[in-house]
**Student:** 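This is the structure I have questions about; it appears just below.
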Amino acid sequence: GAVVSQHPSRVICKSGTSVKIECRSLDFQATTMFWYRQFPKQSLMLMATSNEGSKATYEQGVEKDKFLINHASLTLSTLTVTSAHPEDSSFYICSASGTSGGASTDTQYFGPGTRLTVL
Amino acid sequence: DAKTTQPPSMDCAEGRAANLPCNHSTISGNEYVYWYRQIHSQGPQYIIHGLKNNETNEMASLIITEDRKSSTLILPHATLRDTAVYYCIVRVDGTYKYIFGTGTRLKVLA
């Protein structure tokens with residue numbers, strides 16, 4: 001139980017375009033979802049926290065107008081990287097916590113990640 | 001800043017126990033310790049968590065010192081598939097947020 005999926009797993013886009021990444025909880029209701037980014041050989045950095053039906057809370061230094069987060073339902077959150085540039089190339093990982101399906105509100109369950117390459 | 005410190009790397013022989021230490025000297029009374037691992041280019045995988053008592057599940061054991069300032073994750077019989085970066089995390093008090101530290105890169109040797 002407590003499975004999280006991400007789509008796409010890999011995306012390549014041109015500079016200036018926008019990219020949307022989906023994060024889904026497959027067998028539980030995700031009351032809270034988190035978005036992280038990870039650069040090569042570095043640890044995960046928390047970008048934002050979102051609760052279903054509420055605006056996301058962004059970490060210091062993360063541009064909310066550049067990284068748009070929507071958590072419209074208890075199973076889906078999306079991250080849109082707007083006007084992407086090469087420096088946005090990274091590994092983006094979501095996680096979710098919640099209830100039902102073996103999940104716990106205290107524990108985060110991570111998706112497999114999305115590798116974004118901006119040319 | 002992360003509330004945990006871990007050695008950057010460790011080696012372990014296949015079939016032997018892997019003992020991964022973590023210091024969290026500023027942990028407060030109601031903060032849990034979580035352990036995850038990340039295999040290359042994948043999302044972190046939950047291993048175990050605990051508050052005060054030692055915990056064991058099918059993957060590992062977690063030993064927390066009495067003063068709660070440090071803990072050890074034990075993989076009882078390491079296999080090559082256990083090669084990964086292991087993260088010890090203290091959840092931010094009053095929130096559900098994790099702040100990841102640099103982790104320990106465990107290499108299991110044949």
Side-chain angles (χ1 to χ4, degrees), chain A residues 1-7 9-10 21 23-25 28 30-52 54 56-60 62 90-99 102-117, chain B residues 1-9 20 22 27-53 55 57-60 62 73 83-107:
Chain A
V3 178
V4 176
S5 70
Q6 279 184 245
H7 178 79
S9 58
R10 182 180 298 268
I21 302 169
C23 176
R24 293 182 185 273
S25 57
F28 67 100
T31 50
T32 307
M33 284 185 164
F34 305 84
W35 287 94
Y36 297 81
R37 66 189 297 184
Q38 185 176 33
F39 292 109
K41 298 190 185 302
Q42 294 187 22
S43 186
L44 282 75
M45 286 180 49
L46 179 65
M47 298 175 67
T49 303
S50 73
N51 293 296
E52 185 263 340
S54 302
T57 301
Y58 291 81
E59 294 298 301
Q60 193 171 7
V62 178
S90 189
F91 192 50
Y92 291 87
I93 308 170
C94 72
S95 70
S97 61
T99 58
S104 164
T105 55
D106 295 335
T107 301
Q108 292 184 30
Y109 305 93
F110 286 82
T114 296
R115 186 160 302 283
L116 170 64
T117 303
Chain B
D1 289 344
K3 299 182 70 170
T4 61
T5 56
Q6 300 175 252
S9 64
L20 293 93
C22 178
I27 194 170
S28 63
N30 55 355
E31 290 181 320
Y32 281 77
V33 178
Y34 289 78
W35 283 84
Y36 286 77
R37 71 182 182 184
Q38 186 179 26
I39 296 170
H40 182 63
S41 294
Q42 298 181 24
Q45 176 190 22
Y46 167 79
I47 301 172
I48 199 167
H49 73 283
L51 181 63
K52 294 180 182 178
N53 300 321
E55 302 287 345
N57 63 21
E58 64 277 6
M59 289 183 69
L62 174 60
L73 178 75
T83 293
V85 178
Y86 287 76
Y87 294 101
C88 167
I89 301 163
V90 172
R91 196 179 72 202
V92 177
D93 192 17
T95 76
Y96 294 112
K97 296 198 308 186
Y98 293 168
I99 304 301
F100 279 77
T102 53
T104 296
R105 187 173 298 275
L106 175 70
K107 184 183 290 186

**Student:** To check you understand the geometry: which heavy-atom pair defines the closest contact between Tyr98(B) and Thr107(A), and what is its length?
**Tutor:** OH-CA, 3.6 Å
**Student:** Identify which part of Arg91(B) has an atom lying under 4.5 Å from any heavy atom of chain A, answering side chain, backbone, both or neither.
**Tutor:**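 The answer is the side chain of Arg91(B).
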**Student:** If I take atom OG from residue Ser43(A) and atom CD1 from residue Ile99(B), how far apart are they, to the nearest 0.5 angstrom?
**Tutor:** 10.0 Å
**Student:** Which residues pass the salt bridge (Lys or Arg N to Asp or Glu O under 4.0 Å) test with Glu52(A), not counting sequence neighbours?
**Tutor:**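 Result, salt bridge (Lys or Arg N to Asp or Glu O under 4.0 Å) vs Glu52(A): none returned.
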**Student:** Measure the CG-OG1 distance between Leu44(A) and Thr102(B) for me, rounded to the nearest 0.5 Å.
**Tutor:**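 So the CG of Leu44(A) and the OG1 of Thr102(B) are separated by 12.0 Å.
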**Student:** Hey, does Tyr96(B) have a side-chain heavy atom less than 4.5 Å from the side chain of Thr49(A)?
**Tutor:**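 They are not in side-chain contact.
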**Student:** Going through the distances and angles, do Tyr46(B) and Phe110(A) end up as a side-chain contact (heavy atoms from CB on, under 4.5 Å)?
**Tutor:** CA-CA 8 Å; Tyr46(B) 167 79; Phe110(A) 286 82; over 6 Å; no
**Student:** Kindly say whether Gln108(A) contributes a backbone atom to a donor-acceptor pair with the side chain of Tyr34(B) at under 3.5 angstrom?
**Tutor:** no
**Student:** For atom CE of Met59(B), is the number of surrounding heavy atoms from other residues, nucleotides or ligands below 6.0 Å larger than 12?
**Tutor:** yes
**Student:** What part of Tyr87(B) gets closer than 4.5 Å to chain A, counting heavy atoms only: side chain, backbone, both or neither?
**Tutor:** side chain
**Student:** What distance do Phe91(A) atom CZ and Gln38(B) atom CD have between them, rounded to the nearest 0.5 Å?
**Tutor:**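 Answer for the CZ-CD pair, Phe91(A) versus Gln38(B), is 6.5 Å.
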**Student:** If the condition is side chain to side chain contact (heavy atoms under 4.5 Å, CB included), which residues does Glu59(A) pass it with, not counting sequence neighbours?
**Tutor:** Leu46(A), Val62(A), Lys97(B)
**Student:** Sequence neighbours left out, what passes side chain to side chain contact (heavy atoms under 4.5 Å, CB included) with Ser41(B)? Give chain and number order.
**Tutor:** Arg115(A)
**Student:** Do any of residues 31-38 of chain A come closer than 4.5 Å to chain B, heavy atom to heavy atom, and if so which ones, in number order?
**Tutor:** Phe34(A), Tyr36(A), Gln38(A)
